[in-house]
Q: 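This is the structure, below, for whatever I ask next.
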Amino acid sequence: MKERLTEYVVKAVEQVCGDYGRAGEPVPAVVLEQPKEKKFGDFATNIAMQLAGVLKKNPREIAAAIKAQLENLPDIELVSIAGPGFINMTLSRASWQQRLGVICRQGRRFGDLDYGAGRRVMVEFVSANPTGPLHIGHGRGAAVGDSLARILRKAGFTAITEYYVNDAGNQMETLGRSLLWRYRELLGESLGDYPETFYQGDYLIELAKQFLQEKGNVLEDADPEDKVGEFTEYASRVILDGIRDDLAGFGIHFDNWASEKSFFQDGKVDDVIRELRHREMVYEQDDALWFASSRMGDEKDRVVVRSNGVKTYFASDIAYHKDKHDRGFDWMIDVWGADHHGYVPRIKAALQALGIDESCFSVVLVQLVSLLRDGQPVAMSTRAGQFVTLREVVDEVGKDAARFFFLMRRPDSHLDFDLELAKSQSNENPVYYVQYAHARICSILRKSSEAGIRVLQVNQADLSLLTSAEEIEMIKKMDSFPHVVETAARYLEPHRITYYVSDLAAMFHSYYNKNRVISDDRDLTGARLILITALRQIFQLGFDLLGIDAPTSM
RNA sequence: GGGCAAUUAGCUCAGUUGGAUAGAGCGUUGGCCUCCGGAGCCAAAGGCCGCAGGUUCGAAUCCUGCAUUGCCCGCCA
């Protein structure tokens, strides 16, 4: 609707500019918005004020000229000028009724945009080190990343999801040594206090038991030092499998898993360092090799090869991001914890140094989650190894509630996650509210089917019977769905979808309480069944973008 | 000390990227089932958009300064 109307206005603006002898001059883009106040109509534009400077005319005069062009066009019922020069347009009721037919006929394709124009985008998220189970913070990143990929696909991008496994570096050795220690304790050795620098948490004790059960005593005639590698390999493999399971339970399946270790093994890290050297973007100092990121806007230079010869995590990360680009992705989106925000400039600097336009790289920073229970903070301390795992949360509140809560706020906004609230089956709980709307619609459709009422084809129903303000408002809301998808994609903000489905649910619940869909009036019933069928479709599309189910009964 | 971000109703947060009288949920108060699912609906109260300047037709939104809060500042990952 908006698109068609925008075209109208663009043409009117061209005409008016011509009349003023300014044809072909650059003019500001025509932007339509939906006014907050209903009395200002369905769409409004400030183009007359924008043109005032270009045409050197009074904005209201320009608005009047544009208005004259717009009147009597199909669909447009009323054009008015308000305030300093806003042009408010009201569409005819019939045009909205027809719009409902279009929405129905498009079905699942409604809201499919060509905004992305098929461009290839990679969304990388979670990417937690395989040193322990996923916790609730990872859960938020997972929900955001997965939802973003879904939204981007809807918006016309080709989106691939990827998990980058940090399976290299000294943390891996620490993990192996941690497991080895737990294992030896299990065998009855007294080794003293468990080192603070080792990975805390009982999961390693469990893992040690599992190791013992599977492999028995592997230290009988071996030096424990020689076995660190085996323990490392075992721990990271089992933990990564666990992470995979946890994500599957959360409804998340990655298209691809990338291994940091493989970038070292394939020589890609060396290659990228060589290229940086060739481009004279690195230098040696204090026996280490530094990347001159400060030349590209970073605060200071960063080490890529330490003085002991070991390449840093940053070095492999450069190779990884270059590899993404080389794989043909037009846009790389990384979802990171907000505590890593300082890391953004150095990756951008690295891309720039490699001659890659940094604008193809975006980072979505996800803020911490505060876990509450009945409003009281739940103690969480990674140091003591006491964290609430994603699995525990999903087991307790369910996949849908967890995902919905994670997507209720802007990613970079702090999030309070109340376990009791997420579990409660009451009006306090927003996820039940929206799912209930869908279930209710399904219930009505079941009822009508039981009563032997045939749901008519769209073109058989008389949609002109949908005359109430609530009905037209709901059609308008449904009509705005594509726009919501587009802005969610543009700004990488899934919460816009969450708000949208909540709004739509509120409109439907309110409508339901005032009106009966199934009545003695056969024609009206037919039209209203079309209306709620369309609503059900929109809920399903919205839920799909959030990764939650659309229950037919609850 | 430097950097990044935040500050909107009692609480938790939206705010269409500069638009018209700033919105929602929860909480509070009071109403609504003879009826398609009450996991719902309706209504009321609640605001100096942190403070002070600036930019312009117009600012919660952009700029500057200040205050407060969080995060980051390793040859860890």
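Below, read A as the first sequence line, B as the second, and so on, with proteins coming before strands; counting in each chain starts at 1.
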Q: If the cut-off is 4.0 Å, is A/His340 near the phosphate of B/C4, judged by side-chain N/O to OP1 or OP2?
A: no
Q: Of all the choices, B/G40, B/C75, B/G19, which nucleotide is nearest to the side chain of A/Trp290 once you look at every atom?
A: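 My answer, after comparing the listed nucleotides, is B/C75.
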Q: Go through the structure and list residues passing side chain to side chain contact (heavy atoms under 4.5 Å, CB included) with A/Asp270, not counting sequence neighbours.
A: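 Testing A/Asp270 for side chain to side chain contact (heavy atoms under 4.5 Å, CB included), a comparison that skips the adjacent residues, returns A/Arg274, A/Lys311.
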Q: Counting heavy atoms from C-beta on, name the nucleotide in B/A39, B/G15, B/C36 closest to the side chain of A/Tyr436.
A: B/A39
Q: Would you say A/Arg306 places a side-chain N or O within less than 4.0 Å of OP1 or OP2 belonging to B/C76?
A: yes
Q: Taking O4'-C1'-N9-C4 for purines and O4'-C1'-N1-C2 for pyrimidines, is B/U17 syn (within 90° of 0) or anti?
A: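 Here the answer is syn: the torsion falls within 90° of 0.
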Q: With a 4.0 Å cut-off on heavy atoms, is A/Asp339 in touch with a base, just the backbone sugar-phosphate, or nothing at all?
A: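 Touches sugar-phosphate only.
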Q: Which residue, A/Thr552 or A/Thr312, contacts RNA chain B at a nucleotide closer to its 5' end, judged by nearest heavy atom?
A: A/Thr552
Q: Are any of the side-chain nitrogens in A/Glu124 or A/Lys324 under 4.0 Å away from the carboxylate oxygens of its partner?
A: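 Here A/Glu124 pairs with A/Lys324 in a salt bridge, since their nearest N and O are under 4.0 Å apart.
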Q: Can you tell me whether the base of B/C49 sits syn or anti, using the 90° cut around 0 to define syn?
A: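 In terms of base orientation relative to the sugar, B/C49 is anti.
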Q: Hunt down any stem RNA chain B takes part in, defined as 3 or more consecutive Watson-Crick or G-U pairs whose two distances are each under 3.5 Å.
A: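 The stems that RNA chain B takes part in, listed by first number, are B:1-7 with B:67-73, B:10-13 with B:23-26, B:28-32 with B:40-44, B:50-54 with B:62-66.
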Q: Report the nucleotide, chosen from B/A14, B/A77, B/C75, that has the shortest atom-to-atom distance to any side-chain atom of A/Asn166.
A: B/A77
Q: Between the base of B/U16 and the side chain of A/Lys2, is there a donor and acceptor pair under 3.5 angstrom?
A: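 It does not, because no donor-acceptor pair links the side chain of A/Lys2 to the base of B/U16 below 3.5 Å.
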Q: Mind calculating the distance between CZ (A/Phe198) and P (B/C76) to the nearest angstrom?
A: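 Atom CZ in A/Phe198 sits about 18 Å away from atom P in B/C76.
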Q: Looking at B/C41, I'd like to know if its phosphate oxygens (OP1 or OP2) sit under 4.0 Å from a side-chain N or O belonging to A/Lys514.
A: no
Q: If I pick the C1' atom on B/U68 and the same atom on B/C51, what distance separates them, to the nearest angstrom?
A: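 Per the computed distance, 11 Å lies between those C1' atoms.
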Q: Which is true for A/Gln34 with a 4.0 Å heavy-atom rule: it touches a base, it touches only sugar-phosphate, or it touches nothing?
A: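 Base, at least one base heavy atom under 4.0 Å.
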Q: Would you say the side chains of A/Tyr164 and A/Asp334 form a donor-acceptor pair under 3.5 Å?
A: no
Q: Which nucleotide sits closest to the side chain of A/Ser443: B/G37, B/G3, B/C13?
A: B/G37
Q: Is the shortest side-chain N to carboxylate O distance from A/Glu420 to A/Lys423 below 4.0 Å?
A: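 Salt bridge: yes.
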Q: Would you mind classifying the nucleic acid contact of A/Asn58 as base, sugar-phosphate or nothing, using non-hydrogen atoms under 4.0 angstrom?
A: nothing
Q: Rounding to an integer number of angstrom, what distance separates B/C42 and B/G38 when you compare their P atoms?
A: 14 Å
Q: Provide, to the nearest angstrom, the distance between the CD atom belonging to A/Gln367 and the P atom belonging to B/U7.
A: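 Nearest whole value for this atom pair: 11 Å.
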Q: Taking the six-membered ring where the residue is Trp, are the ring centres of A/Phe40 and A/Phe86 under 6.0 Å apart?
A: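 So the answer is no for these two rings.
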Q: Provide the distance between the two P atoms, one in B/C57 and one in B/U16, to the nearest whole Å.
A: 23 Å
Q: More 5' along RNA chain B: A/Val31 or A/Ala505, using each one's nearest nucleotide?
A: A/Val31
Q: Is any N or O donor-acceptor pair between the side chain of A/His341 and the base of B/C72 shorter than 3.5 Å?
A: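 In this structure, the two groups form no donor-acceptor pair.
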Q: Using OP1 and OP2 only, check whether a side-chain N or O of A/Arg410 sits under 4.0 Å from B/G15.
A: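 A/Arg410 to B/G15 OP1/OP2: side-chain N or O found under 4.0 Å.
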Q: What integer distance in Å separates A/Phe417:CZ from B/C26:C1'?
A: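 About 16 Å, once rounded to whole Å.
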Q: If the C1' atom of B/C63 is compared with that of B/G27, how far apart are they to the nearest Å?
A: 38 Å
Q: So if I apply the ring pair (Phe, Tyr, Trp, His ring centres under 6.0 Å) rule between A/Tyr163 and each of A/Trp257, A/Tyr320, A/Phe125, which one comes out positive?
A: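 Of A/Trp257, A/Tyr320, A/Phe125, ring pair (Phe, Tyr, Trp, His ring centres under 6.0 Å) with A/Tyr163 is met by A/Trp257 alone.
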Q: Could you give the distance separating B/G15 and B/A67 at their C1' atoms, to the nearest angstrom?
A: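 It comes out at 25 Å once rounded to the nearest Å.
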Q: Calculate the interatomic distance between A/Phe508 atom CZ and B/G38 atom P; express it in whole Å.
A: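 Checked: the CZ to P distance equals 10 Å.
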Q: Using a heavy-atom cut-off of under 4.0 Å over every strand shown, decide if A/Thr487 touches base, sugar-phosphate, or nothing.
A: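 If one applies the 4.0 Å heavy-atom cut-off, A/Thr487 turns out to touch nothing in the nucleic acid.
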Q: Judged by modelled atom types alone, do A/Asp400 and A/Gln435 share a side-chain donor-acceptor pair under 3.5 Å?
A: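 There is such a pair (donor and acceptor under 3.5 Å, judged by atom type) between the side chains of A/Asp400 and A/Gln435.
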Q: Output the rounded distance in Å from CZ (A/Arg446) to P (B/G37).
A: 8 Å
Q: Within the supplied structure, the quantity of interest is the number of heavy atoms (other residues, nucleotides, ligands) at a distance under 6.0 Å from A/Asn308 CG; does it exceed 12?
A: yes
Q: Hey, does the side chain of A/Arg440 come within less than 4.0 Å of B/G38's phosphate (OP1/OP2), counting only N and O?
A: yes
Q: Ignoring hydrogens and geometry beyond distance, is the side chain of A/Asp167 in donor-acceptor contact with the base of B/A77 at under 3.5 Å?
A: no
Q: On a whole-Å scale, what distance lies between the C1' atoms belonging to B/U34 and B/U8?
A: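 My reading of the C1' atoms in B/U34 and B/U8 gives 46 Å.
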Q: May I ask you to say what A/Asp301 touches in the nucleic acid, namely base, sugar-phosphate or nothing, with a heavy-atom cut-off under 4.0 Å?
A: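 No contact.
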Q: Please determine, for the side chain of A/Lys36, which listed nucleotide (B/A20, B/C13, B/G37) has the closest atom?
A: B/A20
Q: From CZ of A/Phe314 over to C1' of B/C75, roughly how many Å is that when rounded to an integer?
A: 13 Å
Q: Who pairs with A/Glu284 by salt bridge (Lys or Arg N to Asp or Glu O under 4.0 Å), at least two apart in sequence or on another chain?
A: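 Residues passing salt bridge (Lys or Arg N to Asp or Glu O under 4.0 Å) with A/Glu284: A/Arg277.
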Q: Side chain of A/Asp286: nearest nucleotide among B/C75, B/G70, B/C35?
A: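 Closest nucleotide among those given: B/C75.
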Q: Quick check on B/C76: is either OP1 or OP2 less than 4.0 Å from any side-chain nitrogen or oxygen of A/Tyr343?
A: no
Q: Determine the interatomic distance between C1' on B/C33 and the same-named atom on B/C41; round to the nearest Å.
A: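 It works out to 10 Å between them.
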Q: Can you tell me the distance, in whole Å, between the CZ atom of A/Arg409 and the C1' atom of B/A6?
A: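 My rounded result for the distance is 15 Å.
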Q: Using a cut-off of 4.0 Å on non-hydrogen atoms, how would the nucleic acid contact of A/Ala437 be classed: base, sugar-phosphate, or nothing?
A: nothing
Q: So is the aromatic ring of A/Phe86 stacked onto the base of B/A20, judging by whether the centres are under 5.5 Å apart and the planes are under 30° apart?
A: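 One would call A/Phe86 stacked on the B/A20 base.
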Q: I'd like the P distance from B/U7 over to B/U12, given in whole Å.
A: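 So the two P atoms sit 13 Å from each other.
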Q: Using a heavy-atom cut-off of under 4.0 Å over every strand shown, decide if A/Ala82 touches base, sugar-phosphate, or nothing.
A: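 Result for A/Ala82 = base.
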Q: In this structure, how many angstroms lie between the C1' atom of B/C26 and the OH atom of A/Tyr433, rounded?
A: 13 Å
Q: Look at the side chain of A/Tyr499 and decide which nucleotide, out of B/A14, B/C36, B/A20, has an atom nearest to it.
A: B/A14
Q: Under 4.0 Å between a side-chain N/O of A/Ser510 and OP1 or OP2 of B/C42, yes or no?
A: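 Yes, because at least one side-chain N or O of A/Ser510 sits under 4.0 Å from OP1 or OP2 of B/C42.
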Q: Would you say a side-chain N or O of A/Ser413 is under 4.0 Å from OP1 or OP2 of B/A14?
A: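 Looking at the OP1 and OP2 atoms of B/A14, one of them is under 4.0 Å from a side-chain N or O of A/Ser413.
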Q: Hey, what do you get for CD1 (A/Ile538) to CZ (A/Phe481), rounding to the nearest 0.5 Å?
A: 6.0 Å
Q: Between A/Tyr512 and B/G38, does any side-chain N or O lie under 4.0 Å from OP1 or OP2?
A: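 Checking A/Tyr512 against B/G38: at least one side-chain N or O falls below 4.0 Å of OP1 or OP2.
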Q: Is it true that A/Glu450 and A/Lys447 make a salt bridge, defined as a side-chain N closer than 4.0 Å to a carboxylate O?
A: no
Q: Hey, are A/Arg528 and A/Tyr511 close enough side-chain-wise for a donor-acceptor pair under 3.5 Å?
A: yes
